[in-house]
Amino acid sequence: MPGFVLQAAPAPADLVRPAIRVGFTVSRKVGNAVARNRVRRRLREIARMVIPAEARPDLDYVLVGRQAALERDFAALRQDLLEALKRLRALGTATP
């Protein structure tokens with residue numbers, strides 16, 4: 001089971017410069033504040049590693065953390081994000 005759900009929406013056209021915006025949310029169902037913050041930190045790091053290099057800059061992204069992100073291997077979370085971007089057709093044109 002993946003550790004997150006990825007959502008994407010078109011970025012507003014009135015932005016001054018095309019910036020990739022990423023939001024993070026973790027429900028209280030995941031656990032106490034310590035667990036939620038741990039999930040948020042892990043998601044923030046995989047987003048920092050993957051999204052600037054792989055994602056389309058004309059979309060805004062939201063990662064919704066799930067309970068499985070606590071135990072899931074970090075490399076598997078990173079691969080999950082790449083797969084989610086592929087499924088949403090949100091990969092950029094210059095994929096290294």
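- Here the side chains of E54 and L82 are in contact, with some heavy-atom distance below 4.5 Å.
- L85 and V64 fall into different hydrophobic clusters, where Ile, Leu, Val, Met, Phe, Trp and Tyr side chains are chained together by heavy-atom contacts under 4.5 Å.
- Annotation: salt bridge (Lys or Arg N to Asp or Glu O under 4.0 Å) contacts of R78 (sequence neighbours excluded): none.
- Counting heavy atoms from C-beta outward, V62 and T25 have side chains that approach closer than 4.5 Å.
- When side chains are defined from C-beta on, I51 counts as touching L81, because their heavy atoms get closer than 4.5 Å.
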Table please: side-chain donor-acceptor pairs of residues 33-40 below 3.5 Å, with sequence neighbours left out.
{"residue": "R36", "atom": "NH1", "partner": "G31", "partner atom": "O", "Å": "2.8"}
{"residue": "N37", "atom": "OD1", "partner": "R40", "partner atom": "NH1", "Å": "2.6"}
{"residue": "N37", "atom": "ND2", "partner": "A33", "partner atom": "O", "Å": "3.2"}
{"residue": "R38", "atom": "NH1", "partner": "L70", "partner atom": "O", "Å": "3.2"}

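- Note that the CG atom of L88 and the OH atom of Y61 stand 8.0 Å from one another [nearest 0.5 Å].
- Within the 4.5 Å cutoff, the side chain of F24 has heavy atoms near those of the L43 side chain.
- Listed here is the closest heavy atom pair of P52 and I20: CA-CD1, 4.4 Å.
- Between L63 atom CG and I46 atom CD1 the span is 6.0 Å, to the nearest 0.5 Å.
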Give the C-alpha distance, both sets of side-chain angles, the deciding distance and a yes or no for side-chain contact (heavy atoms from CB on, under 4.5 Å) between V30 and R66. CA-CA 6 Å; V30 170; R66 298 289 185 228; 5.6 Å; no
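- Salt bridge status for R42 with E45: absent, with no side-chain N to carboxylate O gap under 4.0 Å.
- Looking at F74 and M49, their side chains come closer than 4.5 Å, going by heavy atoms from C-beta outward.
- Side-chain contact between P12 and R21 is present, with at least one heavy-atom pair separated by less than 4.5 Å.
- Side-chain contact check for Q7 versus D60: every heavy-atom pair is 4.5 Å or farther apart.
- Taken to the nearest 0.5 Å, the CG atom of D80 stands 8.0 Å off from the CD atom of E83.
- Heavy atoms only, all atoms of each residue included: A69 and G3 are closest at CB-O, 3.3 Å.
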